Participant: 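Next up is a structure, given as structure tokens.
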Amino acid sequence: DSGVTQTPKHLITATGQRVTLRCSPRSGDLSVYWYQQSLDQGLQFLIQYYNGEERAKGNILERFSAQQFPDLHSELNLSSLELGDSALYFCASSVVGSGNTIYFGEGSWLTVV
Amino acid sequence: SQKIEQNSEALNIQEGKTATLTCNYTNYSPAYLQWYRQDPGRGPVFLLLIRENEKEKRKERLKVTFDTTLKQSLFHITASQPADSATYLCALDVQAGTALIFGKGTTLSVSS
């Protein structure tokens with residue numbers, strides 16, 4: 001158990017809909033990361049927050065957004081969903097923003113039908 | 001463009017042998033490199049970190065080397081066991097203070 005909690009574990013939704021994925025980082029970790037993993041693309045970095053502020057942006061679509069709240073939990077919002085958004089979405093956390101190991105949650109499986 | 005390549009998508013070896021996985025990168029100058037293990041449907045789990053000024057790092061049956069001139073890291077599992085079967089990912093910090101970027105991984109299968 002990494003200490004990173006993600007909900008929901010599984011989610012099935014229709015195209016065009018919007019979903020919110022939630023992440024609670026490990027106790028004491030200030031940095032939260034979101035990654036998307038699909039079979040053909042591997043693990044793709046989406047976005048990073050550090051103590052409530054956006055720190056880095058990766059391959060995140062404009063239809064996706066995220067935020068980190070004062071209690072350090074984070075949410076990833078996916079809107080206007082397309083079939084290709086079906087993937088495993090991971091949240092990870094670390095103590096600081098660089099030079100450290102990151103700890104992954106177990107992921108949220110999103111299926112868009 | 002920047003790229004991380006793990007040369008083999010799959011590697012099959014017999015129990016007791018040494019598995020060697022390769023990670024190559026281009027157009028990066030990472031301060032450190034990390035290796036993670038991922039089991040199907042699970043989140044990646046950290047194994048080892050090696051810094052740019054370290055040539056080699058060991059942990060139990062695991063060994064990692066880092067050659068910044070060749071832009072390559074090798075990951076070795078000695079005396080491999082079926083329980084070592086998993087996907088192994090290498091990861092780099094592209095820019096200090098930001099997230100890790102991962103290779104696509106090599107899936108190792110150890111047969112008894």
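So you know, we letter chains A, B, ... as the sequences are listed, proteins then strands, and number each from 1. Fair warning: this is a prediction, and the values are worked out from it, not measured in the lab.
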Participant: Sort out for me which of Q37(A), Q44(A), Q41(A), E106(A) touches chain B most, counting heavy-atom pairs under 4.5 Å.
Facilitator: E106(A)
Participant: Looking only at heavy atoms, which two atoms of F90(A) and R42(B) are closest? And how far apart?
Facilitator: CZ-O, 3.4 Å
Participant: Return yes when atom CD1 of I12(A) has more than 12 non-hydrogen atoms of other residues, nucleotides or ligands closer than 6.0 Å, and no otherwise.
Facilitator: no
Participant: Transitively linked via ILVMFWY side-chain contacts under 4.5 Å: L11(A) with F104(A)?
Facilitator: no
Participant: If you tally heavy-atom pairs under 4.5 Å against chain B, which of W109(A), Y35(A), Y103(A) wins?
Facilitator: Y35(A)
Participant: Please tabulate, one pair per line, all N/O donor-acceptor pairs under 3.5 Å involving side-chain atoms of residues 101-112 of chain B, not counting sequence neighbours.
Facilitator:
residue	atom	partner	partner atom	Å
K104(B)	NZ	D40(A)	O	3.1
T106(B)	OG1	S8(B)	O	2.5
T107(B)	OG1	T87(B)	OG1	2.9
S111(B)	OG	I13(B)	O	3.4

Participant: Would the number of heavy atoms belonging to other residues, nucleotides or ligands and lying under 6.0 Å from CG of L83(A) be above 12?
Facilitator: yes
Participant: Could you see if L100(B) belongs to whatever hydrophobic cluster contains W34(A)? Use Ile, Leu, Val, Met, Phe, Trp, Tyr and a side-chain cutoff under 4.5 Å.
Facilitator: no
Participant: Can you tell me how far OH of Y36(B) sits from CG of L43(A), rounded to the nearest 0.5 angstrom?
Facilitator: 10.0 Å
Participant: Under 4.5 Å from any heavy atom of chain B, what part of Q6(A) do you find: side chain, backbone, both or neither?
Facilitator: neither
